[in-house]
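Here is the naming used below: chain letters follow the sequence lines, and residue numbers restart at 1 for every chain.
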Number of protein chains: 2
Amino acid sequence: MKKKSIKDIAQDLGLSKTTVSFVLNNKGDEKNISSKTQKRVLDYIREVNYQPNQIAKSLKKGNTNTIGYLVPDISNPFFAKIGRLLEDHFWEKGYHLLIGSTDENKDKEEQVLNMFVNRQVDALIVASCFIQGDSIKSLLAANFPLVFFDREDPDVEANYILVENKISMKNAVEKSIQNGARKLGLISLTPDVYSLKNRIEGYKMALINKDIGFDQDLIRIVDNNDLKQGTERELRKLIELGVDTIVFTNNQIAVIAIWLMNTFYKDKVNSIKFVSFDNVDQFDYSLPKVISVAQPIDKIAKYSTEIIEDILNSKKSENKRIELTPKLIERK
Amino acid sequence: MKKKSIKDIAQDLGLSKTTVSFVLNNKGDEKNISSKTQKRVLDYIREVNYQPNQIAKSLKKGNTNTIGYLVPDISNPFFAKIGRLLEDHFWEKGYHLLIGSTDENKDKEEQVLNMFVNRQVDALIVASCFIQGDSIKSLLAANFPLVFFDREDPDVEANYILVENKISMKNAVEKSIQNGARKLGLISLTPDVYSLKNRIEGYKMALINKDIGFDQDLIRIVDNNDLKQGTERELRKLIELGVDTIVFTNNQIAVIAIWLMNTFYKDKVNSIKFVSFDNVDQFDYSLPKVISVAQPIDKIAKYSTEIIEDILNSKKSENKRIELTPKLIERK
DNA sequence: TAATTTTACTAAATCGGTTTACTAAATCGG
DNA sequence: CCGATTTAGTAAACCGATTTAGTAAAATTA
């Protein structure tokens with residue numbers, strides 16, 4: 001038995017599509033459809049388990065009840081968890097998540113954004129690697145509902161949900177210095193995006209502030225395309241240089257480094273300390289000990305949802321820039 | 001400037017929609033559109049950056065180039081990683097992923113499936129908590145392209161990508177007995193699905209096989225809705241009962257248990273050993289030591305993709321049941 | 001009772017594409 | 001040079017919903 005369309009329903013009941021559509025959309029009373037007819041329709045659609053074709057609906061209405069979620073890597077726990085929270089929030093409002101990972105690749109990002117737009121997503125939640133890209137520019141120009149999180153480009157006016165990158169990193173690093181750190185190296189992904197730049201800034205500020213002074217040679221950059229090998233190389237370098245503490249600007253590299261330490265530098269897992277932006281569960285019980293800056297994942301998701309909903313309900317407001325305060329987690 | 005439709009393009013160029021559509025779909029030659037006209041169209045769409053409306057396309061063609069990915073929790077690394085691999089595989093073929101998490105809840109699963117179907121996803125990849133649900137039944141009856149993974153219901157004929165649950169668990173447990181385990185407890189989610197049942201079976205087989213015999217009291221079940229507290233309670237119980245090894249039927253509970261051990265039973269992290277189905281990175285360096293059964297995530301994704309693609313290209317084949325061999329990972 | 005309003009419902013346009021069935025003009029074969 | 005074929009294109013139907021603009025009959029009002 002093929003799926004019934006509104007036309008079939010109408011035919012079966014000897015009514016017009018219009019009438020059926022009105023009833024289905026709860027406009028029966030408003031449109032003066034007799035309650036007898038309404039009941040007839042409702043009973044019948046229940047009987048045949050009528051399911052409206054959302055595609056047709058979307059075409060006519062111009063909206064799809066879909067939100068595009070664009071991140072560097074959906075399997076990164078940070079993005080996965082936010083994704084899950086977004087899914088839950090939006091589920092209640094009848095919106096669903098279409099996902100796309102970019103691997104920090106600008107071209108891929110362009111393509112995914114284009115795909116999202118062609119599929120008429122109603123809004124976008126984006127941790128972009130290149131906020132000045134063409135697609136993003138034209139979306140912003142067109143006032144498309146769009147929220148950036150995690151990454152910022154101060155030259156671009158938009159909705160941002162961020163955390164206090166600089167000050168939090170500064171606090172974390174200062175804490176580790178209070179705990180005895182004296183020679184602190186840093187490993188970061190290429191700081192294409194301001195968030196990472198600011199985290200590195202925070203690291204520098206802490207060192208200067210605490211009269212340690214910073215050494216450019218202790219700041220090591222790992223290319224996105226060469227994560228594992230790059231991290232291994234830079235970690236080795238820093239260990240050779242005799243650091244007692246290593247600072248990471250995001251969870252991804254920190255997790256790899258923990259694995260490397262436990263695999264190749266087992267003798268040093270107690271002497272070397274880590275500081276990391278982002279928090280992952282395993283920091284709680286892994287070595288080296290990690291001081292981490294935990295981003296308020298639930299708030300990030302909550303505010304993203306709220307801003308998007310406000311826009312969609314066309315309480316069209318000014319661009320918002322929300323800066324959340326992360327939690328400093330020190331272990332033992 | 002509003003987005004141009006095919007109608008606009010046609011009007012601007014003094015052509016018919018048909019002609020433009022033919023050119024856009026590379027049917028220019030086949031449909032005898034002169035190369036001059038073809039060039040004119042192609043140049044113009046480039047100039048105005050024409051983007052086809054995928055919704056309209058979908059409505060007419062009856063397919064959306066979307067795959068529904070339904071799992072208990074997209075933020076579980078196991079499902080997140082498979083999701084990522086699927087995303088990559090399908091990206092190349094022009095398909096995209098719509099996601100839905102069920103939290104092992106049958107009603108939610110029904111609803112998400114309905115949503116997927118109404119949105120006309122072209123196929124589904126599902127780790128279902130209830131393979132006998134109404135939606136699934138009608139999808140199967142309608143021969144909808146559908147692959148189950150991770151979970152099985154032997155009463156339901158369908159495509160399955162599974163791993164050898166029983167034998168792998170048996171091997172893992174036997175290995176731990178060889179290493180000295182004598183009193184082995186087990187903690188599992190409610191074994192609603194056969195995969196979990198089989199893993200528990202494997203555990204029992206190993207015990208019997210190695211002449212330890214199993215004690216029903218050492219098999220502890222945690223409710224899905226009460227994961228953290230439940231695991232804490234059952235872990236405490238097993239420790240009180242004096243087990244030297246705890247077996248987990250999936251990563252979720254194992255990870256929680258590691259945290260609990262490091263937080264509340266620090267003195268026992270070396271004396272108690274873990275065995276876990278599923279592998280997560282942190283097992284490599286966390287305590288208690290874990291013998292884990294690593295599911296071949298890449299193969300799961302690869303075969304799912306292949307089966308779906310075969311069906312979509314209507315090399316409509318018989319239902320397949322693929323059982324993959326996991327890798328036993330023993331540490332130190 | 002005639003004019004007006006309300007009730008109950010429908011025909012047709014629309015969203016933006018694809019596809020079928022057609023036509024007029026140009027070219028070809030004999 | 002005439003009929004057949006090819007070339008180059010178009011009009012209109014269609015996918016499945018929503019929505020606008022309407023109509024005929026019944027009820028109300030003056």
Side-chain angles (χ1 to χ4, degrees), chain A residues 2-42 44-45 48-66 94 115 117-122, chain B residues 2-42 44-45 48-66 94 115 117-122:
Chain A
K2 250 196 76 211
K3 267 187 71 172
K4 298 223 178 227
S5 71
I6 272 204
K7 194 175 156 194
D8 300 325
I9 306 277
Q11 233 152 40
D12 294 354
L13 293 175
L15 292 167
S16 72
K17 295 194 312 176
T18 315
T19 306
V20 177
S21 175
F22 285 156
V23 175
L24 291 179
N25 290 289
N26 281 319
K27 292 187 181 160
D29 292 338
E30 174 193 340
K31 297 290 183 178
N32 289 319
I33 309 301
S34 71
S35 54
K36 202 172 71 187
T37 301
Q38 293 198 40
K39 185 164 177 337
R40 224 154 58 86
V41 172
L42 293 174
Y44 190 64
I45 61 155
V48 301
N49 187 29
Y50 166 75
Q51 302 283 75
N53 180 324
Q54 294 295 338
I55 302 295
K57 202 172 218 166
S58 291
L59 177 59
K60 179 65 193 183
K61 303 257 252 178
N63 68 337
T64 55
N65 281 17
T66 307
M115 177 275 279
V117 171
N118 296 347
R119 290 170 160 254
Q120 316 264 92
V121 297
D122 295 342
Chain B
K2 250 194 77 213
K3 265 186 73 174
K4 298 224 177 224
S5 70
I6 271 204
K7 195 174 156 195
D8 300 324
I9 306 276
Q11 232 152 40
D12 294 353
L13 293 176
L15 292 167
S16 73
K17 294 196 312 177
T18 314
T19 305
V20 176
S21 175
F22 284 157
V23 174
L24 291 178
N25 290 289
N26 282 320
K27 291 186 182 161
D29 292 338
E30 175 192 339
K31 297 290 182 176
N32 290 320
I33 309 300
S34 71
S35 53
K36 203 171 70 184
T37 302
Q38 291 198 40
K39 185 164 177 341
R40 224 153 60 88
V41 172
L42 292 174
Y44 190 65
I45 61 154
V48 301
N49 187 29
Y50 166 75
Q51 303 283 71
N53 182 324
Q54 294 295 338
I55 303 296
K57 203 172 219 166
S58 291
L59 178 58
K60 179 64 193 184
K61 304 257 251 179
N63 67 336
T64 55
N65 282 16
T66 308
M115 180 276 280
V117 171
N118 296 346
R119 292 171 159 252
Q120 314 262 97
V121 297
D122 295 342

Is a side-chain N or O of N63(B) found less than 3.5 angstrom from the main chain of D122(B), in a donor-acceptor match? no
Between T18(A) and S21(A), does a side chain to side chain contact (heavy atoms under 4.5 Å, CB included) hold up when you go through it step by step? CA-CA 5 Å; T18(A) 315; S21(A) 175; 5.8 Å; no
Report, one pair per line, the protein and nucleotides 25-28 of chain D atoms (nitrogen or oxygen only) whose separation is under 3.5 Å.
none

Just to be sure I understand the rule, does [X] reach a base, reach only the sugar-phosphate, or reach nothing, if contact means heavy atoms closer than 4.0 Å?
| X | result |
| --- | --- |
| I55(A) | nothing |
| G14(A) | sugar-phosphate |
| S58(A) | nothing |

Checking side-chain contact (heavy atoms from CB on, under 4.5 Å) against Q54(A), which of N118(B), T64(B), I55(B), V117(B) comes through? N118(B)
Reported [atom1]-to-[atom2] distance for the pair [X] and [Y], which is rounded to 0.5 angstrom:
| X | Y | atom1 | atom2 | value |
| --- | --- | --- | --- | --- |
| Q120(A) | N65(A) | CD | CG | 12.5 Å |
| N26(B) | L42(B) | CG | CG | 8.0 Å |
| I45(A) | I6(A) | CD1 | CD1 | 9.5 Å |

Per the end-axis method with five pairs at each terminus, what is the bend angle of the helix from dT1(C)-dA30(D) to dG30(C)-dC1(D), to 10°? 50°
Closest non-hydrogen atom pair between [X] and [Y], with its separation:
| X | Y | value |
| --- | --- | --- |
| Q38(B) | G28(B) | NE2-C, 3.1 Å |
| V20(B) | I9(B) | CG1-CG2, 3.9 Å |
| R40(A) | L15(A) | NH2-CG, 3.9 Å |
| G94(B) | R119(A) | O-NH2, 4.5 Å |
| S16(A) | A10(A) | C-CB, 3.6 Å |

Under 3.5 Å between N/O atoms: give me all the protein pairs with nucleotides 17-22 of chain D, atom names plus distance.
from    : atom 1 : to     : atom 2 : distance (Å)
dA17(D) : OP1    : Y50(A) : OH     : 2.9
dA17(D) : OP1    : N53(A) : N      : 2.7
dA17(D) : OP2    : I6(A)  : N      : 2.5
dA17(D) : O5'    : Y50(A) : OH     : 3.3
dA17(D) : N7     : K17(A) : NZ     : 3.4
dA17(D) : N6     : K17(A) : NZ     : 3.2
dT18(D) : OP1    : N25(A) : OD1    : 3.2
dT18(D) : OP1    : N25(A) : ND2    : 3.1
dT18(D) : OP2    : S21(A) : OG     : 2.6
dT18(D) : OP2    : N25(A) : ND2    : 3.2
dT19(D) : OP2    : K27(A) : NZ     : 2.9
dT19(D) : O4     : T18(A) : OG1    : 3.3

Tell me which of S34(B) and L59(B) sits closer to the 5' end of DNA chain D, going by the nucleotide each one is nearest to. S34(B)
Atom CD of Q38(A) and atom P of dT7(C) are separated, to the nearest Å, by 13 Å
Do any side-chain nitrogens or oxygens of T19(A) fall under 4.0 Å of OP1 or OP2 in dT10(C)? yes
